Protein chains: 2
Amino acid sequence: MSRPPIETRRPLTLRDVSEASGVSEMTVSRVLRNRGDVSEATREKVLEAAKSLGYVPNKIAGALASQRVNLVGVIIPSLSNLVFPEVLSGISAELEDTGLQPVVGVTNYSPEKEEAVLYEMLSWRPSGVIIAGLEHTEAARAMLENAGVPIVEIMDVDGQGVDSVVGISHRRAGLHMAEAIIAAGYRRIGFLGTKMPEDHRARKRYDGFKEGLAEAGITLADEEFYQGGSALAKGREMTETILRRTPDLDFLYYSNDMIGAGGLLWCLDNGIDVPGRIGLAGFNGVDLLEGLSVRLATMDACRREIGRKAAEIIAGRPHQGLIGGEVIELEPVLELGDTIRKG
Amino acid sequence: MSRPPIETRRPLTLRDVSEASGVSEMTVSRVLRNRGDVSEATREKVLEAAKSLGYVPNKIAGALASQRVNLVGVIIPSLSNLVFPEVLSGISAELEDTGLQPVVGVTNYSPEKEEAVLYEMLSWRPSGVIIAGLEHTEAARAMLENAGVPIVEIMDVDGQGVDSVVGISHRRAGLHMAEAIIAAGYRRIGFLGTKMPEDHRARKRYDGFKEGLAEAGITLADEEFYQGGSALAKGREMTETILRRTPDLDFLYYSNDMIGAGGLLWCLDNGIDVPGRIGLAGFNGVDLLEGLSVRLATMDACRREIGRKAAEIIAGRPHQGLIGGEVIELEPVLELGDTIRKG
DNA sequence: CTGAAAGCGCTAACAA
DNA sequence: TTGTTAGCGCTTTCAG
């Protein structure tokens, strides 16, 4: 079933509206942007002409002329990670009434791809850039430094940012989780996470976690890593694997909630007493999982809030002058749930 | 801890590279775009100058001059629906090597927001637009018709598209699910879904489902709708509610996999025999859930594939001439899983 | 309140 | 292989 081709006519310009309304291009432009004083009469004439023609302004030309682009570049590692759509949603909510629009680029956790995406974004001369993480290639870092627009690095505060930074300390998140686990009396502790050298935040949590254990004179009893696949399913598998290998583990710390939920479900299916026989904890506070009958212990990473604050910095910067260099550290909240023994 | 402000120097232009390399702007431009023949010697000179200056081309100016924009507008209702990030991922994969870049706009299922987002997108004169659904405001439809670039409406084929269409028939998806359920011997059937007047695809599945039941002389025994909140949790709640109200139901059809999974978990927790006492089915084939011990019956909506095909149409159009009007209907695959009785 | 002129930074088209 | 010229469609600036 095919229909006649869309006709490719010349796109309408300001001039068309100008001619149709008998008003100069300049005045038409003023009306369409709500700038300067225009008499109500001309205003209406113009608006009507524009509407009846179906005129859509050309922002390319507008941006070139005004040297102003209402776009904010947002660079994130992934859209399937669940965490990032939430950050995005915070950004998008905060930007709602500012006239700014987020443009998303995805890097798949590849520094090279990140560099390429950043280059591409900067070539559109956005009003600001929000980028996940503090670790970038040298070239990317140079681009960020020279972009001449506000840059906000998000998610992580453990390191040195280029301009502003909004996030949590993943190192301390891991450390605090270790402390809570030890305080609850667990001693034979296993770690389960992703095998992703480029997931710096997961790594920092891992490091912080081990640090926290070390403070209590404990070392990780076992660990297990995975790559790709459905996180829930991987959580099951890994849990089975690690418990088979090291049966006396009494706690499993998962580097994210999805694998943690998989592990939890596996334990429940297999009649393992949680948190009596074994305790579990994840990371992120994914609300997706709120419907589980047993609530997994986790740490909320303040994802929406991070998005909001980052967007706020970009949107606010022009007003408060180009200050730059804010560092906003949010405090992740430990939620004990039902998978860590109380007292 | 604050650092000195980012210095706001004049952005570099082609002219700066031209002067630094002693080559004309035009030749610099050619080198940077890999266009036309340039001697290896000049080429290297230019590249080095550009790199050492840290020059990033201005696509705004480039796009205006060349009347070409390597952006593809993608307009979707939501990023938290899980389905859409998957579609996006298909689009982004297909566009990978075409030089085209997706730009995402989110409508929150609001037709007015969709109209606004579309207007905004078209004002950047993208090379094409991919938009979810066939239902738009009159103004939005007019914009799509007059955009002068390929338009692909995705997800749904039940209705009349503006240009090309890639999707599945949600009506028939619902209908087939009804047939499968009846064939398995279930008779007292309940429906659980979202209370979203603007989710036309869910509505079409609902209609198709009832149609399928009607063919067998059956009517829906009960139904329950929800709005907002964690889908998994809502699935639990609604399942409890509907079964309390209508205890003799022997099948529950959920309008998406997440609430379906919530219902499944509730049944398992409450020792209800699935699929013996009651059968369950969802919709979407969300791999996120692959780790459940009992696999929910579902219908894969071919989300990545839809994204791929849509992007392929946009990317391919310039080559095969502006034909327009393809309609690609994909066939959702019924996956019986473990929650529908066999035979 | 309205209009005219001069670009924004780049590329198409042509000339050398 | 390289350079020159003339815009792309809009906004800034300044003059009426």
Side-chain angles (χ1 to χ4, degrees), chain A residues 9-47 49-50 53-71 99 119-120 122-127 148, chain B residues 9-47 49-50 53-71 99 119-120 122-127 148:
Chain A
R9 49 174 160 331
R10 176 182 65 71
L12 297 165
T13 69
L14 218 43
R15 167 175 228 120
D16 296 303
V17 182
S18 162
E19 282 168 2
S21 63
V23 176
S24 80
E25 284 184 45
M26 198 50 238
T27 301
V28 171
S29 166
R30 278 195 272 254
V31 170
L32 264 24
R33 285 177 299 144
N34 287 311
R35 274 286 164 66
D37 297 309
V38 180
S39 74
E40 192 51 38
T42 5
R43 183 184 171 67
E44 272 172 27
K45 251 193 305 187
V46 169
L47 251 19
L53 290 174
Y55 171 69
V56 178
N58 184 331
K59 290 224 182 195
I60 305 265
L64 181 61
S66 67
Q67 306 283 62
R68 238 190 314 254
V69 180
N70 68 340
L71 262 24
Y119 186 79
E120 177 74 17
L122 289 180
S123 74
W124 287 101
R125 302 287 187 267
S127 295
Chain B
R9 46 173 162 330
R10 177 181 64 72
L12 296 166
T13 69
L14 217 42
R15 166 175 228 122
D16 296 304
V17 182
S18 163
E19 282 168 0
S21 62
V23 176
S24 80
E25 284 184 43
M26 197 52 234
T27 300
V28 172
S29 166
R30 279 194 272 253
V31 170
L32 265 21
R33 285 178 300 144
N34 287 309
R35 276 283 167 67
D37 297 310
V38 180
S39 74
E40 192 52 36
T42 10
R43 182 184 172 65
E44 272 172 26
K45 250 193 306 187
V46 169
L47 251 19
L53 289 175
Y55 171 70
V56 178
N58 184 333
K59 289 223 182 197
I60 305 266
L64 182 60
S66 67
Q67 304 283 65
R68 234 186 322 239
V69 179
N70 68 340
L71 261 23
Y119 185 79
E120 177 74 17
L122 289 179
S123 74
W124 287 101
R125 302 287 187 267
S127 294

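Every heavy atom of this structure was used, including side-chain atoms; hydrogens, water molecules and symmetry mates were not. Please read all numbers here as calculations on a predicted model, not as lab measurements. Just so it is clear: chains get the letters A, B, ... in the order the sequence lines come, proteins before strands, and each one is counted from 1.
The environment of CZ in Arg33(B) is crowded: more than 12 heavy-atom neighbours from other residues, nucleotides or ligands sit within 6.0 Å.
For dC10(C), the OP1/OP2 oxygens have a side-chain nitrogen or oxygen of Tyr55(B) closer than 4.0 Å. Between Thr42(B) and dT2(D) there is a side-chain N or O to OP1 or OP2 distance below 4.0 Å. At least one side-chain nitrogen or oxygen of Gln67(B) sits closer than 4.0 Å to the OP1 or OP2 atom of dG9(D).
Ser123(A) contributes no side-chain N or O that, together with a main-chain N or O of Val56(B), makes up a donor-acceptor pair within less than 3.5 Å.
The shortest distance between side-chain heavy atoms of Val46(B) and Leu32(B) falls below 4.5 Å. Side-chain contact between Val28(B) and Glu25(B) is absent, with no heavy-atom pair separated by less than 4.5 Å.
In terms of position on DNA chain C, the residue among Ala61(B) and Arg35(B) whose nearest nucleotide sits closer to the 5' end is Ala61(B). For the pair Thr27(B) and Leu64(B), both in contact range of DNA chain D, the more 5′-proximal nearest nucleotide belongs to Thr27(B).
Comparing atom distances between the Ser24(A) side chain and each of dT2(C), dG9(C), dG3(C) picks out dG3(C) as nearest. With distances taken from any side-chain atom of Met26(A) to the nucleotides dT11(D), dG3(D), dT2(C), the minimum falls on dT11(D). Picking from dT11(D), dC10(C), dA12(C) the nucleotide with the shortest atom distance to the side chain of Ser66(A) gives dT11(D). Between dG9(D), dT11(C), dT11(D), one nucleotide has an atom nearer to the side chain of Asn58(A) than all others, and that is dG9(D). Residue Arg33(A) has its side chain nearest to dT11(D) when only dA13(C), dT11(D), dT13(D) are considered. Among the nucleotides dC1(C), dT11(D), dT2(D), the one closest to any side-chain atom of Arg30(B) is dT2(D).
We find that CG of Leu14(B) is positioned 6 Å from P of dT11(C), with the value rounded to whole Å. For the pair Glu25(A) CD and dA5(C) P, the computed distance is 12 Å after rounding to whole Å. If you measure from atom CD of Glu19(A) to atom P of dG9(D), you get 13 Å, rounded to the nearest angstrom. Rounded to a whole Å, the CD1 atom of Ile60(B) is 15 Å from the C1' atom of dT11(C). In this structure, Asn34(A) places its CG atom 15 Å from C1' of dT11(D), rounding to the nearest Å. For the pair Arg43(B) CZ and dT1(D) C1', the interatomic distance rounds to 14 Å; values are reported in whole Å. Taking atom CG on Leu12(B) and atom P on dC10(C), their separation rounds to 9 Å, with Å as the unit. Look at CG on Leu32(B): it is 17 Å from C1' on dA12(C), rounded to the nearest Å.
When the options Arg43(B), Glu44(B), Lys45(B), Met26(B) are evaluated for a side chain to side chain contact (heavy atoms under 4.5 Å, CB included) with Val31(B), the one that passes is Arg43(B).
Within the nucleic acid shown, Arg68(A) comes within 4.0 Å of sugar-phosphate atoms alone, with no base atom in reach, counting heavy atoms only.
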